[in-house]
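Starting from 1, each residue takes its place in the sequence as its number. Source: prediction; values computed, not measured.
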Amino acid sequence: MAGSARRYDPGRRDRIIDAAIRVVGARGIAGLSHRSVAAEADVPLGSTTYHFKTLDELLVAALRRANEGFAAAVAASPAVADPRAVLGEALARLLGEFLAADRGRVELEYELYLAALRRPALRPVAAEWCEAVAGALAGRTDPVTARALVAVMDGICLQVLLTGGAYDEEYARDLLDRVLAGPAAGPAAGAAAGRGPVSPPPAPRPGPR
């Protein structure tokens, strides 16, 4: 009986998921295996294969766990929910807070997210993230605009992470304001959203002939 009591571990599955996230953070997707996760979680190898028969199942659970961050922050944000708040401004600020809080964690989340490019099993979970953030914006805008806002925020995050640059909250707000202003958005979009005109990006410089 005592041995059975010791084996009962209702939190083991969650610890395995958290360990998988840490392994990906330290070694990348290529370093993920049932064995490496079992060692990280300090559980028998059989525990990982019992809860997750394949690596794809484990990655799906890890991605779903990682996805909770930004979607939950949008859903819980008083500024996003407040109809009197400027939505583009609120989202740009929230995105900056998300990136500043733990950039390494954000990089990890995107590594799991982008793994869906080569692992079809992850694609529905990546889509869940997009729908969760868009759903959190349902009270402030229409579904098409909400998905466009998600696409813009996703792109901004990727640009920041891939270039190693600093997050530019004003730039992010300008882009989000243009989406919110609708199809006719142009240099006057920022003014329509309560800002001054948005300067167009500089023209590309001609290359050598």
With distance as the sole test, does [X] use its side chain to make a donor-acceptor pair with the main-chain N or O of [Y] at under 3.5 Å?
X	Y	result
Glu111	Gly25	no
Thr145	Leu180	no
Thr163	Gln159	yes
Arg140	Ala85	yes

Could you state the interatomic distance from [atom1] ([X]) to [atom2] ([Y]), rounded to the nearest 0.5 Å?
X	Y	atom1	atom2	answer
Leu59	Ile17	CG	CD1	11.0 Å
Ile156	Asp168	CD1	CG	9.0 Å
Asp18	Arg13	CG	CZ	11.0 Å

*Taking all non-hydrogen atoms of both residues, which atom of Gly88 and which atom of Leu176 are closest, and how far apart?*
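For Gly88 and Leu176, the tightest heavy-atom pair comes out as O-CD1, 3.8 Å.
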
_For residues Val106 and Leu114: do they belong to one hydrophobic cluster (side chain heavy atoms under 4.5 Å, members Ile, Leu, Val, Met, Phe, Trp, Tyr)?_
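Same cluster: Val106 reaches Leu114 through Ile, Leu, Val, Met, Phe, Trp or Tyr contacts under 4.5 Å.
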
*Cluster question for you: counting only ILVMFWY and a side-chain heavy-atom cut-off of under 4.5 Å, with indirect links fine, are Leu45 and Ile16 together?*
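Looking at the clustering, Ile16 is in a separate group from Leu45.
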
*Mind checking salt bridge (Lys or Arg N to Asp or Glu O under 4.0 Å) for Glu89 and listing every partner two or more places apart, or none if nothing turns up?*
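Once residues adjacent in sequence are excluded, the partners of Glu89 under the salt bridge (Lys or Arg N to Asp or Glu O under 4.0 Å) criterion are Arg93, Arg173.
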
*Matching residue for Leu58 among Thr49, Leu63, Thr48, Val37 - test: side chain to side chain contact (heavy atoms under 4.5 Å, CB included)*: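 Exactly one pass, corresponding to Val37.
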
*What is the ring orientation for Trp129 with Tyr110, classed by angle as parallel under 30°, tilted 30 to 60°, or perpendicular over 60°?*
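The arrangement is perpendicular - the two ring planes meet at more than 60°.
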
Decide yes or no for [X] and [Y]: does some side-chain heavy atom of the first lie under 4.5 Å from some side-chain heavy atom of the second?
X	Y	result
Leu175	Met153	no
Arg119	Ile29	yes
Ser36	Arg27	yes

*Is Arg65 salt-bridged to Asp14, going by a charged N under 4.0 Å from an acidic O?*
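Judged by the 4.0 Å cut-off on N to carboxylate O distance, Arg65 and Asp14 do form a salt bridge.
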
_Does Tyr50 form a side-chain contact (heavy atoms from CB on, under 4.5 Å) with Arg12? I'd like the steps, not just the answer._
CA-CA 11 Å; Tyr50 171 78; Arg12 180 169 291 186; over 6 Å; no

_Those residues that, when tested against Tyr171, pass ring pair (Phe, Tyr, Trp, His ring centres under 6.0 Å) (two or more places apart)_ =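 Not a single residue meets the ring pair (Phe, Tyr, Trp, His ring centres under 6.0 Å) criterion with Tyr171.
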
